[in-house]
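What follows is one structure encoded as structure tokens, with my remarks underneath.
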Amino acid sequence: MDSAQTMRFKIIYIWFALPVLIGVLWFFAFYMPVSSYIEKQHADLSTVLRTREIVENAIKDVLEVRKRDSQARSSLDGMLRNMPMYYRFPSVIKMLAESGKKEGIIFEKLNSMVLPNDLQQAPSLIKPAIDMELKGRFLDIGKFLEGVEKQKGYKRIVGGKILYKDKDYPVLTGKFLVEFRAWKED
């Protein structure tokens with residue numbers, strides 16, 4: 001009986017040990033290599049995703065720089081069209097004088113000068129100004145100043161004063177300093 005029972009226990013051990021052995025063999029032969037391959041693929045995927053993110057950010061930066069460059073170029077082109085070269089500035093003064101005469105303005109003084117540059121101003125720009133003393137009716141002076149604002153390179157009226165004398169009324173005397181922008185010759 002002992003040998004029959006021992007045989008029975010051996011068969012039971014074999015039946016229990018065989019599935020455990022198959023499970024252990026499957027674990028080491030199949031699961032571990034596949035698991036390490038999957039982990040390697042996850043690591044590669046995360047590296048690729050990080051690289052993709054870096055590339056996408058670089059592309060966004062390049063596109064943003066291109067957009068800013070395009071905007072700067074169009075702004076510069078607009079400035080080039082709307083600002084005369086300094087050597088052409090006498091023609092701007094001539095046009096101002098002609099338009100003033102058309103509006104019924106009499107110029108008593110018309111001097112041009114160059115104002116000092118600001119520290120943050122581009123070195124290729126210059127600030128010519130026209131110091132004018134004129135006579136005319138109030139509305140005529142106003143129309144003339146509106147016309148001055150439409151001139152190429154106009155920046156601002158730095159100072160202005162309108163005076164009248166009782167004996168000359170409705171003719172007023174105006175004193176204005178008008179600032180322009182122009183490109184320096186290189």
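Side-chain atoms are counted along with the backbone in the values below, which use heavy atoms only and exclude waters and symmetry mates.
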> Can E64 and R68 be said to form a salt bridge (charged side-chain N to carboxylate O under 4.0 Å, His left out), step by step?
Replying inline: CA-CA 6 Å; E64 187 176 315; R68 277 190 263 134; 3.1 Å; yes
Any non-hydrogen side-chain atom of [X] less than 4.5 Å from a side-chain atom of [Y]?
{"X": "K101", "Y": "I106", "value": "no"}
{"X": "N111", "Y": "K109", "value": "yes"}
{"X": "F27", "Y": "M32", "value": "yes"}
{"X": "F176", "Y": "V158", "value": "no"}
{"X": "F180", "Y": "L96", "value": "yes"}
{"X": "I141", "Y": "L172", "value": "yes"}
{"X": "M132", "Y": "V178", "value": "yes"}
{"X": "S99", "Y": "F144", "value": "yes"}

> Looking at V55, V62, N57, D61, which one forms a side chain to side chain contact (heavy atoms under 4.5 Å, CB included) with I59?
Replying inline: V55
> So, are E179 and R181 salt-bridged, with charged N and O less than 4.0 Å apart?
Replying inline: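 Yes, charged N to carboxylate O under 4.0 Å.
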> Salt bridge between K60 and E56, side-chain N to carboxylate O under 4.0 Å?
Replying inline: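 Here K60 does not pair with E56 in a salt bridge, since their nearest N and O are not under 4.0 Å apart.
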> Do F138 and L163 belong to the same hydrophobic cluster, where Ile, Leu, Val, Met, Phe, Trp and Tyr are linked whenever their side-chain heavy atoms lie under 4.5 Å apart, directly or via other members?
Replying inline: no
> Counting only N and O atoms by type, is there a donor-acceptor contact under 3.5 Å from the side chain of T51 to the main-chain atoms of T47?
Replying inline: yes
>> Run Y154 and V148 through side chain to side chain contact (heavy atoms under 4.5 Å, CB included) and show every step you take.
In response: CA-CA 7 Å; Y154 170 81; V148 169; 4.0 Å; yes
> Hydrophobic cluster mates of Y37, side-chain heavy atoms under 4.5 angstrom, ILVMFWY only, any path?
Replying inline: none
> So E108 and L134, side chain to side chain contact (heavy atoms under 4.5 Å, CB included) or not? Walk me through it.
Replying inline: CA-CA 5 Å; E108 292 188 345; L134 46 91; over 6 Å; no
